[in-house]
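What's counted below: heavy atoms across the whole structure, side chains too, no hydrogens, waters or symmetry copies. Index from 1, following the sequence.
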Amino acid sequence: MAELQHIEGVVEHILFRNESNGYLVLDMNIQHSLVTVTGELGNADEGEVLSLWGQFTTHPRYGKQFQVESFERKLPSNAEDIERYLSSGAIKGIGKTLASKIVKTFGNQTLDIIEHQPQRLLEIRGLSQSKCEEIIKETKQIFALRNIISYFNAYQIKSRYAIRAFRLWGMNCQHIVEKNPYLLCQETVALPFREVENYAHDLRIPKNAYCRISAGIVHILQHNATNNGHTCLPLDRLAETAINFLEITEPAFYDAYQCALQEEKIIEYIKEEREFVYLPEYFLAEQYITQRISFLHCHKPPTSENRQKFSAMIDEIEQRSGMHYAELQRKAIFSAMSEGMLILTGGPGTGKTTTLNAIISCFHQQNAEVLIAAPTGRAAKRISDLTGYPAKTIHRLLEVQFDAYGIQQFVHNEENLLSCDVMILDEMSMVDVLLFSHLLRALRTNCKLILVGDSDQLPSVGAGNLLQHLLSSQCMPVVTLKEIFRQAQQSCIVTNAHKIVHGEMPDLSRRDNDFFFFQRSDYAETLNLAVDLACRRLPAAYHYSPTQDIQIICPSKIGTVGTVQINQAMQARLNPPDAQKPQVNSLVYQFRIGDKVMQTKNNYDLPWRKDDETGKGIFNGDIGIILSINRKMGEALIDFEGRIANYPLNMIEQLELAYAITIHKSQGSEFEVVILPVLGKLEKLTYRSLFYTAVTRAKKLLILISTPQKIQEMVAGIHQTFRYSCLKFMLEKELDSYAGQADEHFPESSLS
């Protein structure tokens with residue numbers, strides 16, 4: 001990680017100020033040279049002396065800037081700078097004329113007198129008592145914030161957290177956080193729990209304090225949602241984890257737990273006589289999904305006239321396109337038209353894209369407005385290429401924005417609905433419950449919902465196992481395409497993928513198709529073979545590009561055949577060190593011009609340009625090529641599949657080399673050629689859905705490097721990623737309730 005740089009100077013001009021979150025852009029005078037500074041700097045003003053720690057970056061429009069990580073405020077000490085500071089309007093009520101009078105009276109002692117003896121301002125001729133009191137009130141705020149920043153800095157807590165805390169609690173900030181330091185964990189301040197623990201220890205907060213235990217419970221639930229995919233935890237598991245993690249007694253846990261329930265920091269839900277504990281946002285998400293799906297479940301069946309109309313429409317599309325739809329394809333098209341919602345699933349080669357194109361054509365014939373979305377940029381591009389219709393990521397469709405505290409929100413919600421009659425959501429297996437609930441909130445109640453995915457693939461990175469729960473609860477119509485069409489039957493990638501799903505060994509014997517098996521058991525040999533295939537043999541034989549067409553995919557990051565070592569070996573072969581090539585280092589990698597890289601975190605603010613189009617946002621999983629590196633300007637120019645971004649080098653830890661990527665990162669993407677090395681014990685990564693997901697990433701050629709024994713282990717590994725969630729139970733319970741209400745209105749005898 002790049003070492004923080006330090007600069008100090010006088011604020012010359014305020015160029016931009018966001019009053020809601022304290023974000024500033026300013027020019028700082030450093031030894032008679034102006035430097036543009038950006039960051040959460042509170043109410044800093046002209047004439048003030050700032051001591052800053054951060055990194056120089058380059059903005060694509062505004063040029064070189066210093067991006068602040070932390071800072072100290074040092075008020076001006078000489079009369080000239082003090083007068084300039086006061087004249088800037090830093091203290092409400094003091095303009096240029098009054099500033100001149102005050103400094104003329106008190107000189108270099110002006111700010112000290114304003115802070116500690118403000119009543120002496122009455123010595124200024126013409127200054128009234130009421131005006132003096134107004135100035136005193138304003139200065140208390142300014143000096144209080146400066147003191148809070150200094151206070152937090154003494155505990156190694158960065159300035160941005162101090163400013164957020166002061167914005168929440170104002171003058172009483174220090175008193176409030178010393179009484180309960182764990183308030184700093186809340187989302188509006190977002191100081192990590194471990195850092196709060198250190199601060200609380202310095203304050204001698206006891207281990208069994210309620211504030212600590214309740215914050216620890218929330219931290220455990222959040223950690224399990226973010227890292228393990230659980231939307232909730234059983235109370236008994238939560239209690240066991242919290243008691244060990246926080247080093248507390250069982251009675252102390254349950255006392256704090258009950259209080260946290262009463263304060264609605266957490267929510268308890270009873271499922272089959274067992275208590276499950278949620279963070280409110282995950283409970284509300286699963287609850288809302290249940291309500292909306294149940295509402296769509298009550299969609300009126302089509303009239304006989306409409307049924308005939310839909311059938312005729314499908315016949316017309318068949319004639320116009322020269323297609324003949326299989327029975328299940330026709331059923332899916334008809335269901336999409338006649339039902340309020342549909343899940344369309346199926347493996348490779350079963351005609352999902354053909355079916356989806358027909359569905360879109362039917363809706364367009366009815367002049368319905370159709371929107372297509374996918375969870376990632378690469379998945380959106382893929383479905384757009386396959387269907388010929390524009391598609392967006394869910395985040396771009398809902399339009400991300402951030403509130404004053406930097407918390408993500410969406411422009412489109414219940415109060416600002418999307419304008420569409422049909423929502424098609426592809427790669428549904430990758431969608432988590434929070435994102436899906438946000439999408440549902442932005443849809444009109446009469447909007448049809450078409451969910452497309454492959455239920456045999458890996459679940460979402462985010463919390464929940466949404467697609468599986470929607471399928472297993474039988475809450476909506478499902479059409480699973482099973483027939484492998486004749487053209488697809490010629491592909492060993494397709495036929496072997498279906499064998500894997502059914503627990504059968506893939507055919508490893510053929511050498512004349514698109515699926516090749518190389519038997520290797522030695523790690524070093526496997527690494528060398530994968531690199532040689534990608535760099536020399538495949539480009540020579542088939543003219544594939546090692547960076548554009550070929551992708552190495554690995555189960556794990558670690559080990560000789562993990563992504564890290566393969567990336568380093570690939571880079572050494574394709575893009576070795578060169579005195580003429582500048583490079584920049586992260587903790588793991590060295591990056592050079594020409595390197596293939598992947599973004600590993602969502603960055604909603606990073607601007608890009610593509611031909612005449614401009615936009616914002618480079619997202620987790622986006623792959624690009626480094627075009628240039630300018631260490632002096634603190635930036636790299638990266639081409640993310642046509643979107644050119646000026647990438648600040650202080651964000652370099654968000655990049656990884658991408659000659660090799662993990663199977664999880666590859667989900668939602670397709671590549672012309674996939675090289676898949678699978679060796680080692682990998683106990684947690686030896687299961688069928690992982691193997692299947694990897695195999696189905698290849699479009700034209702898959703090369704598998706492994707042993708028959710290891711492949712057998714992968715195929716036999718029926719372990720499904722287990723995730724705690726009550727969504728399936730909620731859906732079944734809600735639908736049973738609807739069924740009961742229907743029985744009351746329509747007794748069985750009335751239907752006979």
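Although no hydrogens or angles enter the test, the distance criterion places a donor-acceptor pair under 3.5 Å between the side chain of Asn602 and the main chain of Asn620. Although no hydrogens or angles enter the test, the distance criterion places no donor-acceptor pair under 3.5 Å between the side chain of Glu613 and the main chain of Lys610. Here the side chain of Tyr325 pairs no donor or acceptor atom with the backbone of Ile333 at under 3.5 angstrom. A donor-acceptor pair under 3.5 Å is absent between the side-chain atoms of Thr345 and the main chain of Ser455, judged by distance alone. Using a distance-only test at 3.5 Å, with no hydrogens or angles considered, a donor-acceptor pair links the side chain of Lys448 to the main chain of Glu339. Not a single donor-acceptor pair under 3.5 Å links the side chain of Ser384 to the backbone N or O of Ala380. A donor-acceptor contact shorter than 3.5 Å is absent between the side chain of Arg723 and the backbone of Ala225. Of the possible polar contacts, one joining the Asp432 side chain to the Leu434 backbone as a donor-acceptor pair under 3.5 Å is found. Formation of a donor-acceptor pair under 3.5 Å by the Arg643 side chain with backbone atoms of Trp608 is not found in this model. At distances below 3.5 Å, at least one donor-acceptor pair connects side-chain atoms of Asn413 with backbone N or O atoms of Glu415.
To the nearest 0.5 Å, atoms OG (Ser361) and CD1 (Ile317) are separated by 5.0 Å. Within the model, atoms CD1 of Ile359 and OG1 of Thr355 stand 6.5 Å from one another, a figure rounded to the nearest 0.5 Å. Residue Glu641 holds its CD atom at 8.0 Å from CD of Gln548, rounded to the nearest 0.5 Å. Considering CG of Leu417 and SG of Cys447, their distance stands at 9.5 Å, rounded to 0.5 Å. The line from CG of Leu508 to CZ of Phe516 is 13.0 Å long, rounded to the nearest 0.5 Å. Separating the NZ atom in Lys665 from the CZ atom in Arg378 is a distance of 12.5 Å, to the nearest 0.5 Å.
Counting heavy atoms from C-beta on, the side chains of Leu467 and Leu451 never come closer than 4.5 Å. Looking only at side-chain heavy atoms (C-beta outward), Ile638 and Leu655 come within less than 4.5 Å of each other. When side chains are defined from C-beta on, Leu440 does not count as touching Ser437, because their heavy atoms never get closer than 4.5 Å. In this structure, the side chains of Val674 and Val695 stay at 4.5 Å or more apart for every pair of heavy atoms. Under the 4.5 Å side-chain criterion, counting only non-hydrogen atoms from C-beta, Leu538 is in contact with Ile675. By the 4.5 Å heavy-atom criterion applied to side chains, Leu356 and Leu386 are not counted as neighbours. Between Ile623 and Gln551 the shortest side-chain heavy-atom distance falls below 4.5 Å. Counting heavy atoms from C-beta on, the side chains of Leu221 and Tyr278 never come closer than 4.5 Å.
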So Phe691 and Ile663, side-chain contact (heavy atoms from CB on, under 4.5 Å) or not? Walk me through it.
-> CA-CA 8 Å; Phe691 188 38; Ile663 298 171; over 6 Å; no
Which is it for His412 and Leu397 under the side-chain contact (heavy atoms from CB on, under 4.5 Å) test, yes or no, and what are the steps along the way?
-> CA-CA 8 Å; His412 292 287; Leu397 193 69; over 6 Å; no
Taking it one step at a time, do Lys271 and Lys728 satisfy side-chain contact (heavy atoms from CB on, under 4.5 Å)?
-> CA-CA 10 Å; Lys271 169 187 165 185; Lys728 179 175 180 287; over 6 Å; no
Which is it for Phe334 and Met337 under the side-chain contact (heavy atoms from CB on, under 4.5 Å) test, yes or no, and what are the steps along the way?
-> CA-CA 5 Å; Phe334 185 87; Met337 303 299 294; 5.9 Å; no
Evaluate salt bridge (charged side-chain N to carboxylate O under 4.0 Å, His left out) for Lys557 paired with Glu656, printing each intermediate quantity in order.
-> CA-CA 11 Å; Lys557 285 186 174 184; Glu656 293 179 351; 2.8 Å; yes
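Scanning both residues, Leu701 and Ile493, for their nearest heavy atoms gives N-CD1, 3.8 Å. When all heavy atoms of Leu731 and Thr290 are compared, the closest pair comes out as CD2-CA, 3.7 Å. Residues Ser335 and Val479 approach most closely at OG-CG2, 4.4 Å, considering heavy atoms. Across all non-hydrogen atoms, the minimal contact from Arg444 to Asp421 is NH2-OD1, 2.8 Å. Residues Thr350 and Gln329 come closest through the heavy atom pair O-NE2, 4.4 Å. Between Pro506 and Val715 the shortest heavy-atom distance is CD-CG2, 4.0 Å.
Ring geometry for Tyr269 against Phe283 counts as tilted: the plane angle lies between 30° and 60°, on a 0 to 90° scale. In this pair, His498 and His502 present their aromatic rings parallel. The plane angle is below 30°, not in the 30 to 60° band. Ring planes of Tyr389 and His364: perpendicular class, angle over 60° (limits at 30 and 60°). Taking the six-membered ring where the residue is Trp, His395 and Phe410 present tilted rings, their angle falling between 30° and 60°.
Side-chain atoms of Tyr692 and Asp454 form a donor-acceptor pair, as typed in the model, at a separation below 3.5 Å. In this model, a donor atom of one side chain and an acceptor atom of the other lie less than 3.5 Å apart for Glu286 and Thr231.
Between Asp549 and Lys699 there is no salt bridge, since no side-chain N of the basic residue sits under 4.0 Å from a carboxylate O of the acidic one. Classification of Arg382 and Glu427 as a salt-bridged pair holds, one side-chain N sitting under 4.0 Å from a carboxylate O. Salt-bridge check for Glu327 with Lys331: failed, with every basic side-chain N at 4.0 Å or more from each acidic carboxylate O.
More than 12 heavy atoms of other residues, nucleotides or ligands sit less than 6.0 Å from atom CD of Glu504. Counting non-hydrogen atoms of other residues, nucleotides and ligands closer than 6.0 Å to CG of Asp512 gives a total above 12. More than 12 heavy atoms of other residues, nucleotides or ligands shown are found within 6.0 angstrom of CZ on Arg510.
Qualifying salt bridge (charged side-chain N to carboxylate O under 4.0 Å, His left out) partners for Asp507, counting only residues two or more places apart in sequence or in other chains: none.
Exactly one residue among Ile394, Ile383, Ile372 makes a side-chain contact (heavy atoms from CB on, under 4.5 Å) with Leu425. That residue is Ile394.
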